[in-house]
2 protein chains.
Amino acid sequence: MKDRMTAAARMTGHTQRGQCAKRMSILDAAADVFCREGFAGASIDEIAAVACVSRQTIYNHYREKETLFIAVVEDVMNRANTMLFSMLSTFPDSADNLEDELTAFVVRLNKNCICNHDGKFLRKLVQTEGERYPHLFESWRQHGPGKLTTALSALLARLAHKGALVIDDFDVAARQFVALGNADLQMTVLFGGVPTDEELERAARNAVRTFLKAYGGPGAEKTDPQLQLAAVSS
Amino acid sequence: MKDRMTAAARMTGHTQRGQCAKRMSILDAAADVFCREGFAGASIDEIAAVACVSRQTIYNHYREKETLFIAVVEDVMNRANTMLFSMLSTFPDSADNLEDELTAFVVRLNKNCICNHDGKFLRKLVQTEGERYPHLFESWRQHGPGKLTTALSALLARLAHKGALVIDDFDVAARQFVALGNADLQMTVLFGGVPTDEELERAARNAVRTFLKAYGGPGAEKTDPQLQLAAVSS
DNA sequence: GACGTTTTAGACAATGGCGTCTAGTTTTAC
DNA sequence: GTAAAACTAGACGCCATTGTCTAAAACGTC
């Protein structure tokens with residue numbers, strides 16, 4: 001309990017930017033401990049230890065445990081939001097080489113938004129404390145998955161308009177796209193582990209291939225020898 | 001906190017089968033409270049109140065909080081396992097009317113294994129306490145999703161062998177099948193709500209339609225006027 | 001180098017939960 | 001109907017945690 005220290009805390013050995021560094025260190029540590037122990041199980045003393053900060057300093061910045069908790073959630077959400085925004089700006093815009101571009105996008109999405117620390121934290125949190133803090137849940141829903149599927153939906157519409165995809169319901173397709181992207185990672189993600197780059201790549205490729213088989217436009221037939229084989233063997 | 005009572009507890013007002021009824025009542029109540037509050041947040045007193053049982057009775061049946069917790073998990077897992085087994089036995093075996101049969105299967109699966117109390121409990125649990133009790137997690141992984149995807153994989157292989165489906169990797173397809181089946185329910189499920197029958201039906205239909213578009217055999221072309229429209233409009 | 005602010009370490013009361021114990025009641029079994 | 005077993009209600013000690021308080025130390029700024 002005493003020997004854990006986040007990266008931010010480690011950087012803060014001696015006043016890198018005073019008050020602000022402490023705050024960040026506390027938020028990092030709190031996110032870590034809250035994520036591991038849940039709200040009830042997390043103790044301020046442990047957070048203080050992880051943050052390499054005295055307990056009083058925490059109470060100095062945040063009135064009480066719940067205040068700290070809310071602050072942590074907002075912090076993580078903001079970070080995740082920024083990341084999501086930057087992800088959305090890397091949407092593939094051209095339709096040539098669609099498969100590779102979509103695959104790369106799924107890899108980035110999973111790596112930076114789903115499988116990283118913040119994604120894990122938020123998912124866990126929403127499941128455990130979502131009922132206790134409904135407005136928090138609502139906020140996550142709108143700013144996280146909501147924004148993602150909306151944006152994805154728009155992208156798919158664009159691609160369909162170009163003729164690269166054939167889609168009847170863009171919202172459904174967007175949700176399915178995300179679901180397929182996670183299909184192979186569910187276990188790893190639930191376990192809390194971080195998938196390797198190779199796993200990410202493979203998962204994304206599987207997802208996109210299936211997605212394109214279902215929604216690919218007339219030009220996306222890339223006949224796969226395996227498939228023909230399977231078809232023949234029946 | 002005092003006015004909550006599970007169905008089992010309510011039935012137990014006066015000794016329906018003595019010791020056994022109490023046990024069930026305790027397990028039900030504990031599952032409820034553990035699910036709501038997490039391990040650390042759940043108090044024995046509250047569980048006792050929900051179960052309409054004195055605290056001593058709980059300690060009489062289970063040595064300590066953790067013993068009770070483990071017992072609850074095993075109980076829920078057993079129930080879920082039985083349910084899953086009964087689900088697997090209703091696998092569609094014929095390949096005619098495949099779409100409707102698969103849809104009905106997805107509806108049943110989601111309703112009875114994913115969206116019900118036990119499914120919610122186990123998912124929450126694995127996320128929050130999975131790291132604290134790794135063997136528990138492993139057990140869930142093997143008996144729950146593991147068994148499901150294995151069985152699904154076998155089913156898909158059977159259908160592919162008949163020529164109803166064209167699949168290159170059965171395991172991947174099985175995971176994708178499950179993922180697609182949940183795609184439209186993620187939010188409802190995370191929120192803890194129970195989707196309506198209509199939602200279930202719609203979600204399953206979307207999932208199966210996409211799955212068949214990707215993996216449907218040569219005979220599954222059911223040309224959709226919407227699609228043609230979208231394809232033309234490009 | 002001095003002053004004001006921030007941080008620290010630790011003591012402190014208050015709270016609440018866990019697990020034990022006891023004495024009295026109800027239920028079950030014979 | 002009686003004896004054994006199970007259950008109840010409540011008191012109890014113990015411990016961890018929260019949040020406050022204080023005196024000393026470290027820090028930043030001028």
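Below, chain A is the first sequence line, B the second, and so on; all start at residue 1.
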Mind checking whether A:Phe39 and A:Phe34 have parallel, tilted or perpendicular rings, split at 30° and 60°?
parallel
Rounded distance in Å - CD (A:Glu46) to P (D:dG19):
16 Å
It should be established whether A:Thr57 places a side-chain nitrogen or oxygen under 4.0 Å from OP1 or OP2 of nucleotide C:dT8.
yes
Here the distance between atom C1' of C:dT8 and atom OH of A:Tyr59, to the nearest Å, is 16 Å
Check this one for me: any side-chain N or O of A:His61 less than 4.0 Å away from OP1 or OP2 of C:dT7?
yes
Nucleotide C:dG16, atom P - distance to CD of B:Glu37 in whole Å:
15 Å
Pairing of B:Asp32 and B:Arg36 as salt bridge, 4.0 angstrom limit
yes
With respect to the phosphate group of C:dT26, does any side-chain polar atom (N or O) of B:Lys22 fall under 4.0 Å of OP1 or OP2?
no
Any carboxylate oxygen within less than 4.0 angstrom of a Lys/Arg side-chain nitrogen, looking at A:Glu129 and A:Arg123?
no
note: A:Ile26, atom CD1; C:dT7, atom P; distance rounded to Å ~ 8 Å
Gap between atoms CG and P, on B:Asp45 and C:dT15 respectively (whole Å)
17 Å
Students often get this wrong, so: under 4.0 angstrom with heavy atoms, is B:Ala48 touching a base, only sugar-phosphate, or nothing?
nothing
What integer distance in Å separates A:Glu64:CD from D:dG19:P?
6 Å
With B:Phe211, which residues qualify under ring pair (Phe, Tyr, Trp, His ring centres under 6.0 Å), at least two apart?
B:Phe177, B:Tyr215
Can a side-chain donor-acceptor contact be found between A:Thr150 and A:Ser153 if the only test is distance below 3.5 angstrom?
no
What I want to check is whether an N or O donor and acceptor connect the side chain of B:Gln56 with the base of C:dC21 at under 3.5 Å.
yes
Residue pairs, two or more places apart or on separate chains, that pass salt bridge (charged side-chain N to carboxylate O under 4.0 Å, His left out) and touch residues 187-196 of chain A
none
Using whole Å, report how far CZ of A:Arg55 lies from P of D:dT18.
8 Å
Verify the contact: side-chain N or O of A:Asn60 to OP1 or OP2 of C:dT6, cut-off strictly under 4.0 Å; return yes or no.
no
Between the two ends of the helix from C:dG1-D:dC30 to C:dC30-D:dG1, what is the bend in degrees, rounded to 10 degrees, where each end axis spans five pairs?
40°
Round to a whole Å and report the spacing from NZ of B:Lys65 to P of C:dG17.
9 Å
Show, in sequence, the C-alpha distance, side-chain angles and deciding distance for B:Lys111 and B:Arg108, and conclude whether the side-chain contact (heavy atoms from CB on, under 4.5 Å) test is met.
CA-CA 5 Å; B:Lys111 190 170 196 165; B:Arg108 281 202 305 278; 5.7 Å; no
